[in-house]
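Input: a single structure, listed below in structure tokens.
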Amino acid sequence: MSQYLDYWADMLADPLIQRALLVAILVGGAAPVVGTYLVQRRLALLGDGIGHVALTGVALGWLIGAGLGLAPGALAVPGAVVAAVAGAVIIEVVRTSGRTSGDLALALMFYGGIAGGAALIKVAGGTSATLVSYLFGSLSTLSRGDVATAVALAAIILAVGLTARWALFAVAADEDFAKACGLPTAWWNIVTAALAALTVTVAMRVVGLLLVSALMIVPVAITQLWTRSFGRTMAWAALIGAGTGAAGLVAAYWYDLPPGATIVVLAILVYAAAAISRPVLVRVRSART
Amino acid sequence: MSALATAAHVDVNLAGNRILEDIDLTIRPGQRVGILGANGSGKSTLIKALLGLVPLAKGEVELFGQTPGRQLPWAKLAYVPQTSAVGAGVPTSALEVVRAGLLTGRRPWPPKGSKTRALAALAAVGLEDIARQAVAQLSGGQRHRVLLARALVRDPELLIMDEPLAGVDAASAERLVQALERRGQMTCLVVLHDLGPFERYLRRGIVLSHGRIVADGPLAEVLPTDHHHHHEDPRPRRSRTPELEVRP
């Protein structure tokens, strides 16, 4: 028993783990807030597209940073933020224009984004390991600066995502009605896209660009198995996201697994367990009422 | 008094097809108007054009004397769309849907007391008991009444409804019209395929056929009588329920 306690104490005393836990909990909690709007708009995979584009931003950040003589990767996150927001806004504009060629244009942008990023990172002096860290996350190597950036971005996401929740909800749920209420729906659509882009960037360090959507979407998928309201779905999804973020990180530490992938696998296991037990829960609930 | 809604020489094209052609209409305060016609006659597009939800190829529309845009007093009108994705993705309670009806461009969050107002609006359509249920679990008729409650909670001067009886059973249709009748004085513009209980509520009918207005006048006059009705007549038939058509 005391052996376990020592193990926990060692783990929690490690500043790297402290930083990783803080970021995993914060990002795990913030991502589903945005994910709830995306699921309502049937854009569950939007994060993936933005993630692909963000990789080019990361690589351009590396290139510019190298040109300015900065530390390798110092401008990776700023580059990702710019590329992701620009990509998200372009996706939104193409989507609302409703042209059939838009679908193809987006596909070109996504593949161009990931291929261009992979090529440019090498040009900027990165290695395959660098590339992998952006694609699958690098939660165990966070610097203090990384944590500060993550906290700031998560704070923006939560502040906007929660204070503007009624407008974001109304536009996501029924755009025509929202327009007939006088809401500037185009503006709120862009806010949603920008929030998704910021979430992709901040989640990049936790689970990597290939898995960012999972952090936004899976907690919402779990929660909506039993909730009846939008507000509760969002609140529970945030809690589950933060919980699976922390638990996945701890499991990764104990079993020496890649943290990002472990967090996502854990969240999907929780979904499976919830989906399997749902019929039982529904029966208990209806027996009570 | 001045008109609440006008259209002048309006053409609308969608995907290269002419959907509306040379539409002229004026809706005055207190009028209860049915926009009638066969499927594909352009009824829904007409109200979307009035609301600024589809672009005009030609002509002008005005609501409350304003072109649809930022200056329009949106708080004075309410729209009930034919279908809504509300609750189809993320679970959403009826109460949340109705509270969202209280947002405006200048105040994109519900005002104080919105919960009480939303519950009252749900009670007005006979749904106070299901306020906290997910709308996805409601019947089609109940969902339409939730959407009506979301519009009525705005306390509108002008209510615009798109096919409120589509997929609604006779009992729900009756309740929906009763909720409107209890409302008293309100200008109402309703797109309908079949009149159902709206026959007693509406006073004026505008009949569309192939994107043009072919009749506009007192409801009883624009409706075909059963004796004169023939198959090519684009005008709606009287029916007791939305689903059942009366035999010719």
Side-chain angles (χ1 to χ4, degrees), chain A residues 32-44 97-100 160 162-188 191 217 219-237 282 285-286 289, chain B residues 14-15 47-48 50-54 63 68-97 99-111 114 130-137 147 150-151 154 156 158 160 162:
Chain A
V33 170
V34 180
T36 313
Y37 301 120
L38 298 186
V39 171
Q40 175 61 42
R41 305 182 61 169
R42 295 159 195 270
L43 292 175
S97 79
R99 295 207 189 116
T100 43
V160 178
L162 294 179
T163 54
R165 66 185 183 282
W166 278 99
L168 294 170
F169 158 68
V171 174
D174 193 334
E175 197 166 332
D176 275 355
F177 178 79
K179 219 177 261 182
C181 286
L183 291 175
T185 52
W187 156 254
W188 288 114
V191 170
I217 302 309
V220 181
I222 296 168
T223 314
Q224 67 176 8
L225 288 171
W226 76 84
T227 50
R228 292 172 180 173
S229 81
F230 197 88
R232 291 217 171 162
T233 305
M234 185 179 280
W236 276 105
V282 168
R285 190 193 257 179
S286 59
T289 51
Chain B
L14 293 176
I47 59 171
K48 284 185 178 169
L50 283 174
L51 288 163
L53 299 175
V54 294
L63 294 170
R70 297 204 74 160
Q71 299 306 314
L72 196 120
W74 293 103
K76 290 185 182 174
L77 76 88
Y79 169 51
V80 183
Q82 183 179 359
T83 54
S84 171
V86 157
V90 176
T92 307
S93 72
L95 186 61
E96 287 176 310
V97 173
R99 285 179 78 190
L102 287 166
L103 306 191
T104 65
R106 295 213 182 93
R107 198 204 53 239
W109 56 84
S114 68
I130 57 92
R132 286 183 170 77
Q133 276 192 37
V135 284
Q137 287 161 1
L147 296 185
R150 178 178 70 171
R154 298 170 67 77
L158 171 63
I160 297 179
D162 193 354

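Below, chain A is the first sequence line, B the second, and so on; all start at residue 1.
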- request: Write down the atom of Ala88(B), the atom of Arg42(A), and the distance for their closest heavy-atom approach.
  value: CB-NH2, 3.3 Å
- line: In terms of heavy-atom pairs under 4.5 Å with chain A, the winner among Arg70(B), Gln137(B), Arg150(B) is Arg150(B)
- line: To the nearest 0.5 Å, atom CZ of Arg228(A) lies from atom CG of Leu95(B) at 13.5 Å
message: Looking at chain A, which one of Pro73(B), Ser93(B), Pro68(B) has the largest number of heavy-atom pairs inside 4.5 Å, strictly under?
response: Ser93(B)
query: Counting only heavy atoms not in Trp188(A), do more than 12 fall under 6.0 Å of its CH2?
result: yes
- prompt: Can you name the closest pair of heavy atoms from Cys181(A) and Gly101(B) and give their distance?
  reply: SG-O, 4.3 Å
message: At a 4.5 Å cut-off on heavy atoms, which part of Trp187(A) comes close to chain B: side chain, backbone, both, or neither?
response: neither
task: Return the minimal non-hydrogen interatomic distance between Val90(B) and Thr36(A), and the atom names on each side.
output: CG2-O, 3.4 Å
- prompt: Is it the backbone or the side chain of Ala136(B) that comes under 4.5 Å from a heavy atom of chain A, or both, or neither?
  reply: neither
statement: Max heavy-atom pairs within cutoff under 4.5 Å with chain B, candidates Ala180(A), Ala164(A), Ala167(A), goes to Ala180(A)
- request: Could you pull out the closest heavy-atom pair between Gln40(A) and Thr92(B), with the gap in Å?
  value: OE1-OG1, 4.3 Å
query: Of all heavy-atom pairs between Trp109(B) and Trp166(A), which one has the smallest distance, and what is that distance?
result: CA-CB, 4.0 Å
statement: Checked Arg99(B), Lys48(B), Arg106(B) vs chain A; the most non-hydrogen pairs under 4.5 Å come from Arg99(B)
statement: Note: Leu183(A) and Leu103(B) closest approach over all heavy atoms is CD1-CD1, 4.1 Å
- request: Identify which part of Thr233(A) has an atom lying under 4.5 Å from any heavy atom of chain B, answering side chain, backbone, both or neither.
  value: side chain
- request: Would you give the length of the straight line joining atom CG of Leu51(B) to atom NZ of Lys179(A), rounded to the nearest 0.5 angstrom?
  value: 10.5 Å
statement: Rounded to the nearest 0.5 Å, the CZ atom of Phe169(A) sits from the CD atom of Glu96(B) at a distance of 5.5 Å
Choice from Thr227(A), Asp176(A), Val39(A) maximising heavy atom contacts with chain B below 4.5 Å: Asp176(A)
message: Only pairs of heavy atoms separated by less than 4.5 Å count here; which of Arg154(B), Arg132(B), Gln133(B) has the most with chain A?
response: Arg154(B)
